[in-house]
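This report concerns only the one structure given below.
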Amino acid sequence: MTNLESLLSARLATAFTAIAGSPTDPVMQRSAHADFQANGALPLARQLDRSPREIAAEVLAAADLEGLATAEVSGPGFINLTVLPETLERMVNEMAADERLGVPFTDAPETVIVDYSGPNVAKEMHVGHLRSTIIGDCLVRILRWAGHEVKSISHIGDWGTPFGMLLERLIEIGEDAAAAELSVGDLDGFYKAARKRFDEDPAFAERSRQRVVALQSGDQELLRLWQILVAESERYFLTVNDRLGVTLSKEDFVGESFYNDRLQSVVEELDRLGLLRKSNGADCVFPAGFTGRDGEPFPLIVRKSDGGYGYPATDLAAIRYRIKDLKGTRLLYVTGAPQHQHLEMVFAVAKQAGWLTGSVRAQHVAFGSILGEDGKMLRSRAGKSVKLIDLLDEAVARASTLVSDGDVATAVGIGAVKYADLSSGMAKDYVFDLDRMLTFTGDTGVYLQYAHARIRSILRNDFASSQVHLTEPAERALALQLLSFPGAIDAVVDSLEPHKLAGYLRELAVAFTAFYESCRVLHADGGIRASRLALCDLTARVLAHGLHLLGIQAPERL
RNA sequence: GCGCUCGUAGCUCAGCUGGAUAGAGCAGUGGACUUCUAAUCCACCGGUCGCAGGUUCGAAUCCUGCCGGGCGCACCA
């Protein structure tokens, strides 16, 4: 099973390289004027000081397209390629016979560590966690399916100064009452109450500070109580993840506290390497190329002036652990764009320390913020944050007004939210707008689910495995789109941009709908009917699996 | 001040390893259900691709400058 586009590209590349005298990319793309076009002759014209059309003609003469496609030179020097009907049929049939739908396992498997979701203990999951969780989960699914060894990590915020007040609050109301409050998912209520007490009552605040010190010095009783906070919160996170349909499991929660006993050794190692410098009483590393407000070198503070460790130390311990112990070769950090500089600094220090070497890549998969209707960052601290679980329930409730079945409503509602996020580029901020997400017309998740359900409806009436024969233009267009599936997967694997898969699936659904409008299936005669049913079946499989890779369900019927 | 990022149709967004008339959805107008799910489809309407230069046979795409929005810039994560 071979990727059609890359096969064509490879054949042309040989010819291009022969003509150019050096490795030359044919620059293939889908075309409105043919099935594909190769633009490589145009840039070559200058290099060889010859007419582009002449070069294109020569490439064509040298290219071996036997049994693949017909080609012609067009316009200023484009090579237009039209795939032979029998070749298209053969490849579609091969794809249909392949469980992996034409997508090969990667020939260079990596160990990929994906850090995403990362909620905070005793704090509600809010819209801010939505993107990280959805995008991270999608990347995990796709990379894993492509044949990589993938380890999910949810870097839980389970340590640090806030735990003083949380523990003090827990002690104040009693552990049973606290556990009860947390177990019903009222994390924000608990957190806010603790915060309020901390702000209002100096004695409470002082006791909180002492709790932090005691906790960090290993007080057994406090550790036991802390464990209650962590366990109840994790249980709650799992229910939200379950609602969202995310693959994260309990074993994937690796809290900041996990790195506690490694922090000192990180500092020691950095010191041994001579990377550490005292600055204003703190132990810092100054990676090259980072400057602060005053234009002076900007530090990554590894140990605070009070001797404590902050998140940079944890992040350094984590990156070292992920490389040295987990043997990760590609580390992904699915966190918001505002953390870009911080992560770049962590990567820079990891490089200087010799952990992040040439064969290991660390990448920040950054995404924009979700904004409120006022166009400002929707932050939890600023009060009115939307509880993630409420948003999901609302989405499902709206879906329930359109479909009767509860499971289907869940699939549609959650799918709508996920598709809204995954279908546009992740670099930009976007305004959080329930109405837009849950509009069930147009470019939405339900459009894809609907296309899939329609096909399943046809197949319920009749289906027997058959060979595909392409006759109508709409069938041919659908076949071409189906064969682009491996390319769409590739695109996400190396760009880490899920919206490319979402876009592909959308185009597939459009191609199917065009086919559906112009070609009868069940009412067609014998051979044609069987062939079209096979085409329907393959389309349904690609849609269902593609949606699955996005983390979206594809119900049998709506 | 430095850095990152975004600016494409009234609205929400694709397209950006430079390539043939800049594409979708929503909204608007007009059509299509005795036909496999009309949550659909077809047609029309709608764009100085922020602005100005530059490189090029060719720029939404690359470079420079500017304008505008967002974010980050030492002990919170």
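So that the names make sense, note that chain A is the first sequence line, chain B the second, and so on, each numbered from 1.
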Q: Under a 3.5 Å limit for both distances, which nucleotide forms a Watson-Crick or G-U wobble pair with B/A20, could you say?
A: none

Q) What integer number of Å spans the P atoms of B/G65 and B/C71? A) 24 Å

Q) Under 4.0 angstrom, heavy atoms only, what part of the nucleic acid is A/Val403 near: base, sugar-phosphate, or nothing? A) base

Q. On a whole-Å scale, what distance lies between the P atoms belonging to B/U29 and B/U34?
A. 24 Å

Q.
Taking only side-chain N and O atoms of A/Arg46, does any of them lie within less than 4.0 angstrom of OP1 or OP2 on B/C57?
A. yes

Q) In whole Å, what separates the C1' atom of B/G28 from that of B/C11? A) 12 Å

Q) Can you check whether A/His499 has a side-chain N or O nearer than 4.0 Å to OP1 or OP2 of B/G15? A) yes

(Q) Does A/Glu556 reach a base, just sugar-phosphate, or nothing at all? Heavy atoms under 4.0 Å. (A) base

Q | Salt-bridge contact A/Arg50-A/Glu58 (side-chain N to carboxylate O under 4.0 Å) | A | yes

Q. If you look at every strand shown and take non-hydrogen atoms under 4.0 Å, does A/Thr439 touch a base, only sugar-phosphate, or nothing?
A. nothing

Q: Scan A/Ser279 against the nucleic acid and name what it touches under 4.0 Å (heavy atoms): base, sugar-phosphate only, or nothing.
A: base

Q) Could one point to a donor on the side chain of A/Ser305 or the base of B/A74 with an acceptor on the other under 3.5 Å away? A) no

Q | Atom pair distance, as rounded to whole Å: CZ in A/Arg131 and C1' in B/U5 | A | 13 Å

Q | Atom C1', compared across B/G58 and B/U21: separation rounded to whole Å | A | 15 Å

Q. Using the P atom in both, what is the distance from B/A9 to B/C36, to the nearest Å?
A. 40 Å

Q | Side-chain N,O (A/Lys428) to OP1/OP2 (B/G7) below 4.0 Å | A | yes

Q | Side-chain N or O of A/Ser457 closer than 4.0 Å to phosphate OP1/OP2 of B/U37 | A | yes

Q | A/Tyr516 side chain, from C-beta outward: closest of B/A74, B/U37, B/C2 | A | B/U37

Q | Interatomic spacing from CG in A/Leu215 to CH2 in A/Trp159 - rounded to 0.5 Å | A | 3.5 Å

Q | Face-to-face stacking of A/Phe78 with B/A20, centres under 5.5 angstrom, angle under 30° | A | yes

Q.
If you compare every side-chain N and O of A/Tyr311 against the phosphate oxygens of B/A77 (OP1, OP2), does one of them come in below 4.0 Å?
A. no

Q.
Using a 4.0 Å heavy-atom cut-off, does A/Pro76 contact any base of the nucleic acid, only the sugar-phosphate backbone, or nothing at all?
A. nothing

Q.
Please confirm whether the shortest side-chain N or O distance from A/Tyr447 to OP1 or OP2 of B/C26 is below 4.0 Å.
A. no

(Q) Please determine whether a side-chain nitrogen of the Lys or Arg among A/Arg277 and A/Asp283 lies less than 4.0 Å from a carboxylate oxygen of the Asp or Glu. (A) no

Q) Just checking A/Asn280: base, sugar-phosphate only, or nothing, at a heavy-atom cut-off of under 4.0 Å? A) base

Q.
Please tell me if A/Arg454 has a side-chain N or O lying less than 4.0 Å from either OP1 or OP2 of B/A38.
A. yes

Q. Between B/C6 and B/G46, how far is it from one C1' atom to the other, in whole Å?
A. 24 Å

(Q) Quick check on A/Asp306: does its CG atom have over 12 non-hydrogen neighbours (other residues, nucleotides or ligands) under 6.0 Å away? (A) yes

Q | B/C49 pairs with, by Watson-Crick or G-U criteria that keep both distances under 3.5 Å | A | none

Q.
Heavy atoms only, 4.0 Å cut-off, all strands: where does A/Ala453 land among base, sugar-phosphate and nothing?
A. base

Q. Contact class for A/Phe290 vs. all strands (heavy atom < 4.0 Å): base, sugar-phosphate, or nothing?
A. nothing

Q.
Rounded to whole Å, how long is the line connecting atom CG of A/Asp306 with atom P of B/A74?
A. 17 Å

Q | Closest to side chain of A/Phe298, choosing from B/G15, B/C4, B/A74 | A | B/A74

**Q.** Base B/A39 paired with A/Gln449 side chain (donor-acceptor, <3.5 Å)
**A.** no

Q.
Output the rounded distance in Å from CG (A/Asp25) to C1' (B/U17).
A. 8 Å

Q: Between B/A20, B/A74, B/A39, spot the one nearest the side chain of A/Leu402, thanks.
A: B/A39

Q: Please determine, by modelled atom types, if A/Ser484 and A/Arg30 share a side-chain donor-acceptor pair under 3.5 angstrom.
A: yes

(Q) Could you check whether A/Asp435 pairs with A/Arg398 (Lys NZ or Arg NE/NH1/NH2 to Asp/Glu carboxylate O, under 4.0 Å)? (A) yes

Q.
Only pairs with both distances under 3.5 Å count, Watson-Crick or wobble alike; so what is the partner of B/A43 in this structure?
A. B/U29

Q.
Applying a 4.0 Å non-hydrogen cut-off, can you work out what A/Leu300 is touching in the nucleic acid: base, sugar-phosphate, or nothing?
A. nothing

Q | B/A60 to B/C67 separation - P atoms, rounded to the nearest Å | A | 24 Å

**Q.** A/Tyr309 or A/Val27, whichever maps to the more 5' nucleotide of RNA chain B
**A.** A/Val27

Q. According to the interplanar angle, ranging from 0 to 90°, do the rings of A/Phe237 and A/Phe253 count as parallel (below 30°), tilted (30 to 60°) or perpendicular (above 60°)?
A. perpendicular

Q.
Without decimals, in angstroms, what is the distance between A/Glu344 CD and B/C4 P?
A. 10 Å

**Q.** Identity of whatever pairs with B/A60 - Watson-Crick or G-U, under 3.5 angstrom
**A.** none

Q.
Within a 6.0 Å radius of atom CD on A/Glu206, are there more than 12 heavy atoms belonging to other residues, nucleotides or ligands?
A. yes

Q: Send over the distance from A/Arg506 CZ to B/G15 P, rounded to a whole Å.
A: 15 Å

Q: Return the nearest nucleotide to the side chain of A/Gln341; candidates are B/A14, B/A20, B/G72.
A: B/G72

Q | Whole-Å distance separating the CZ atom of A/Phe440 from the P atom of B/A39 | A | 13 Å

Q.
At 4.0 Å (heavy atoms only), tell me whether A/Gly160 reaches a base, stays on the sugar-phosphate, or touches nothing.
A. nothing

**Q.** Exceeds 12 heavy-atom contacts within 6.0 angstrom, atom CD of A/Glu5
**A.** yes

Q: Using the P atom on both, measure B/G47 against B/G15 and round to a whole Å.
A: 23 Å

Q. In whole angstroms, how far is the P atom of B/U17 from the CG atom of A/Leu42?
A. 17 Å

(Q) Students often get this wrong, so: under 4.0 angstrom with heavy atoms, is A/Arg436 touching a base, only sugar-phosphate, or nothing? (A) sugar-phosphate

**Q.** Donor-acceptor pair present, A/Asn80 side chain and B/A20 base, under 3.5 Å
**A.** yes

Q | Pairing partner of B/G3 (Watson-Crick or G-U wobble, both distances under 3.5 Å) | A | B/C71

Q: Between A/Val446 and A/Asn461, name the one whose nearest nucleotide on RNA chain B is closer to the 5' end.
A: A/Asn461

Q.
Over all strands shown, is A/Gly295 touching base, sugar-phosphate only, or nothing at heavy-atom distances under 4.0 angstrom?
A. nothing

**Q.** Integer-rounded Å distance: B/U40 C1' and A/Tyr450 OH
**A.** 5 Å

Q.
Would you say that more than 12 heavy atoms from the other residues, nucleotides or ligands in this model lie under 6.0 Å from the CZ of A/Arg557, or not?
A. no

Q. Is a donor-acceptor pair below 3.5 Å formed from side chain A/Ser423 to base B/A14, judging by atom type as modelled?
A. no

